[in-house]
Amino acid sequence: MEENRRSFGRMPDGTQVEELTLENGRLKCKLITYGGAVRSLIVPDRDGKAVDVALGFDTLEDYRAQDKYMGALVGRYANRIGGAGFTLNGVEYPLCANDGPNSLHGGAMGFDKRVWTVEELTGDSATLSLVSPDMQEGYPGTLTVRVTYSLAQDMLKIGCWAKSDKDTPFSPTNHSYFNLSGHDSGSVEGQYIKLRSARYTPVGAGLIPTGELAPVEGTPMDLRSVQRIGEHIDEPFDQLALAGGYDHNWAIEDWDGQFHAAAMAYSQDTGIAMSAHTDLPGIQFYAGNFLNGEVGKGGAVYAKRCGFCLETQFYPDTPNKPGFPSCVLRAGEEFRSLTGYRFFTLDNAGQL
Ligand code: BGC
């Protein structure tokens with residue numbers, strides 16, 4: 001085995017899980033083949049000191065025991081599908097209801113719980129693949145997915161390619177939790193966030209979008225100028241109350257399918273800033289409201305809001321919302337998406 005590849009334990013059926021290490025002289029990233037998850041992401045702080053900004057666990061057993069989608073690749077459909085079902089081409093497809101009456105993050109055995117195959121590994125990139133058989137978790141079509149993680153200068157790039165033999169809804173994401181003061185540093189409420197979007201998709205019960213695109217203007221959802229994550233998060237605003245904090249999809253400004261920066265975050269403690277880039281139409285800013293004291297790497301306790309996610313995606317519940325940009329991957333067509341997380345340092349939040 002190459003030195004950037006080691007065993008990370010075995011599944012109950014004996015399947016080997018591996019850990020892969022990518023490095024490019026600036027960033028270092030550890031991935032595991034269980035869930036295709038990012039297990040650590042080491043970036044330099046303003047003094048050049050290495051900081052692990054991604055939450056993760058020490059053992060495969062810990063990964064298998066948690067339900068937070070820690071660092072994982074999520075699919076076939078990231079986020080929620082209302083009523084756990086959809087109709088496509090006149091056929092109804094019931095899905096697994098694993099979040100009250102709704103389906104969350106691909107169902108009971110989504111991509112996050114599968115062991116991915118290593119297709120290719122170089123010093124600074126890894127390509128993982130998965131075949132999801134026809135009707136797995138209720139979704140039509142045999143779907144082949146390939147995800148390439150690569151380190152390009154100061155950016156972790158996550159490229160996804162997929163093809164299905166039947167029309168199917170598809171919206172993959174990466175569910176990394178970031179803490180720019182270090183994964184073990186506690187709450188992210190003092191860290192800064194900025195989201196370029198002027199509109200978001202408000203939700204109703206069960207966090208299912210109502211179908212509207214609402215202006216952020218004049219509400220705590222307006223994150224267009226830099227502010228602390230905790231600044232307005234507990235305000236008595238119905239959307240925040242419903243979700244227990246930020247856990248919403250923002251619409252990418254002037255979405256044109258090109259790769260653009262959508263969000264930025266910053267820690268004054270370390271000076272580490274990040275930007276999130278995507279070519280998909282939406283981004284979920286989730287403030288880790290449901291983290292619940294999980295014990296992570298080195299015994300770090302991941303309490304409520306100890307990490308945030310910036311999940312690039314199609315809007316939640318698109319399969320039931322004809323007004324949203326379509327997430328249907330047509331039979332035989334190729335799906336491609338690119339997500340990027342770029343890391344740099346700043347002196348203060350005003351520079352974000
Ligand atoms: C969702 C949260 C959900 C979490 C599961 C996030 O992507 O937006 O609502 O609870 O995943 O850990």
Does some side-chain heavy atom of [Y] sit less than 4.5 Å from a side-chain heavy atom of [X]?
| X | Y | value |
| --- | --- | --- |
| Tyr341 | Ile158 | yes |
| Ser171 | Thr318 | no |
| Phe86 | Pro169 | yes |
| Leu291 | Leu55 | yes |
| Phe111 | Arg76 | yes |
| Gln16 | Ser7 | yes |
| Met11 | Val17 | yes |
| Tyr149 | Leu20 | no |

Give a yes or no on whether [X] atom [atom1] has more than 12 heavy-atom contacts from other residues, nucleotides or ligands under 6.0 Å away.
| X | atom1 | answer |
| --- | --- | --- |
| Arg46 | CZ | yes |
| Arg199 | CZ | no |
| Lys297 | NZ | yes |
| Lys28 | NZ | no |
| Gln153 | CD | no |

Parallel, tilted or perpendicular for Phe308 and Phe178, by the 30°/60° rule?
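Ring orientation of Phe308 relative to Phe178: tilted.
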Under 6.0 Å between ring centres, would you say that holds for Tyr200 and Phe285?
no
If hydrophobic clusters are built from ILVMFWY residues whose side chains come within less than 4.5 Å, do [X] and [Y] share one?
| X | Y | result |
| --- | --- | --- |
| Val115 | Leu60 | yes |
| Met274 | Ile283 | yes |
| Leu128 | Leu22 | yes |
| Leu329 | Met135 | yes |
| Phe57 | Val53 | no |

Apply side-chain hydrogen bond (donor to acceptor under 3.5 Å, both in side chains) to residues Tyr177 and His183 and explain how you reach the verdict.
CA-CA 9 Å; Tyr177 289 81; His183 79 96; over 6 Å; no
With sequence neighbours left out, which residue pairs that include part of residues 333-352 fulfil the salt bridge (Lys or Arg N to Asp or Glu O under 4.0 Å) condition?
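Qualifying pairs: Asp154-Arg342, Glu334-Arg336.
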Scan residues 228-243 for pairs that pass salt bridge (Lys or Arg N to Asp or Glu O under 4.0 Å), counting only residues two or more places apart or in two chains.
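Residue pairs passing salt bridge (Lys or Arg N to Asp or Glu O under 4.0 Å), neighbours aside: Asp234-Arg305.
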Residues which pass ring-ring contact (aromatic ring centres under 6.0 Å, His included) with [X], listed by chain and number, not counting sequence neighbours:
| X | result |
| --- | --- |
| Phe343 | none |
| Phe324 | Tyr315 |
| Phe290 | none |
| Tyr34 | none |

After noting the C-alpha distance and the side-chain angles of His260 and Ile252, does the key distance pass the side-chain contact (heavy atoms from CB on, under 4.5 Å) rule?
CA-CA 9 Å; His260 295 298; Ile252 299 300; 5.6 Å; no
Should side-chain heavy atoms under 4.5 Å link Ile, Leu, Val, Met, Phe, Trp and Tyr, which residues sit in the same cluster as Leu352?
Tyr192, Val226, Met264, Tyr266, Phe344, Leu346
Through direct or indirect side-chain contacts below 4.5 angstrom among Ile, Leu, Val, Met, Phe, Trp and Tyr, which residues connect to Tyr69?
Val74, Leu104
Residues which pass side-chain contact (heavy atoms from CB on, under 4.5 Å) with Asn79, listed by chain and number, not counting sequence neighbours
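side-chain contact (heavy atoms from CB on, under 4.5 Å) check on Asn79 returns Gln284, Gln313, Pro316.
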side-chain contact (heavy atoms from CB on, under 4.5 Å) partners of Ala243, counting only residues at least two apart
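If we apply the side-chain contact (heavy atoms from CB on, under 4.5 Å) test to Ala243, skipping adjacent residues, the hits are Leu207, Asp247, His248.
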Between CG of Asp67 and CE of Met70, what distance do you get to the nearest 0.5 Å?
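The CE atom of Met70 is 9.5 Å from CG of Asp67, to the nearest 0.5 Å.
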For Asp58, side-chain hydrogen bond (donor to acceptor under 3.5 Å, both in side chains) partners two or more places apart:
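Result, side-chain hydrogen bond (donor to acceptor under 3.5 Å, both in side chains) vs Asp58: none returned.
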Pairs satisfying side chain to side chain donor-acceptor pair (under 3.5 Å), at least one member in residues 134-146, at least two apart
Arg114-Gln136, Ser132-Gln136, Asp134-Lys166
